[in-house]
Amino acid sequence: MDRQIINKLSPKAKDLYLFLIYSLTTGKDYFWFNKQRYMEELEVKSNTTVHNAITELIRYGIIIYTVYKDVYWINPGFLFAGNRVKKYKNNIKVMSSMR
């Protein structure tokens, strides 16, 4: 299902998604969006284009706002740098046993 959502993203939202993948810090479930670096590296000229790409990732539940400017929570179901089991060990539910 995650793949299908990513495949439906607009080209600019996919560019932002890929940019985020390479910008994540190991073990963190948030990121600071360096808008200037993004715009330079991807040769984006319009703030509206950036806003639309961010809005699209939010709409599909890939990222979400925090209370801090340019800092977003990531949905670890879509992207996460590190060990999700170790990071979210209190959220693990055993569905069945392999006995």
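No hydrogens, no waters, no symmetry mates; every other heavy atom, side chains included, goes into these values.
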Just how far is it from atom [atom1] of [X] to atom [atom2] of [Y], taken to the nearest 0.5 Å?
X: Ser23; Y: Glu41; atom1: OG; atom2: CD; value: 7.5 Å
X: Ile63; Y: Tyr17; atom1: CD1; atom2: OH; value: 11.5 Å
X: Leu20; Y: Leu57; atom1: CG; atom2: CG; value: 6.5 Å

Practice item. Using the side-chain contact (heavy atoms from CB on, under 4.5 Å) rule, take Ile62 and Ile74 through it: C-alpha gap first, then chi angles, then the decisive distance, then the call. Key: CA-CA 6 Å; Ile62 298 167; Ile74 62 167; over 6 Å; no
Please report the closest heavy-atom contact between [X] and [Y], naming both atoms and the distance.
X: Lys69; Y: Trp32; answer: O-CD1, 4.3 Å
X: Leu9; Y: Ala13; answer: CB-CB, 4.0 Å
X: Tyr38; Y: Lys12; answer: OH-O, 3.7 Å

Review point. Looking at side-chain heavy atoms only, is the closest gap between Tyr65 and Val71 below 4.5 Å?
Key: no
Practice item. Evaluate the side-chain proximity of Asn75 to Ile64: yes if any heavy-atom separation is below 4.5 Å, no if none is. Key: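 No, every pair of side-chain atoms sits at 4.5 Å or beyond.
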Please list every donor-acceptor pair under 3.5 Å in which a side-chain atom of residues 42-53 meets a protein atom from a residue at least two apart or in another chain.
from  : atom 1 : to    : atom 2 : distance (Å)
Ser46 : OG     : Thr48 : N      : 3.1
Ser46 : OG     : Thr49 : N      : 3.4
Asn47 : OD1    : Lys35 : NZ     : 2.8
His51 : NE2    : Thr55 : OG1    : 3.4
Asn52 : ND2    : Thr48 : O      : 3.4

Check your understanding: Taking the six-membered ring for Trp, is the centroid-to-centroid distance between Phe31 and Tyr72 below 6.0 Å?
Key -> yes
Practice item. Give me the one residue out of Ile5, Asn7, Ile6 that meets side chain to side chain contact (heavy atoms under 4.5 Å, CB included) with Arg3. Key: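 With Arg3 as partner, Ile5, Asn7, Ile6 yield a single side chain to side chain contact (heavy atoms under 4.5 Å, CB included), made by Asn7.
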Review point. Excluding sequence neighbours, so at least two apart, what forms salt bridge (Lys or Arg N to Asp or Glu O under 4.0 Å) with Arg59?
Key: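 Here no residue qualifies.
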**Study point:** Which residues share a side chain to side chain contact (heavy atoms under 4.5 Å, CB included) with Tyr22, sequence neighbours left out
**Key:** Leu18
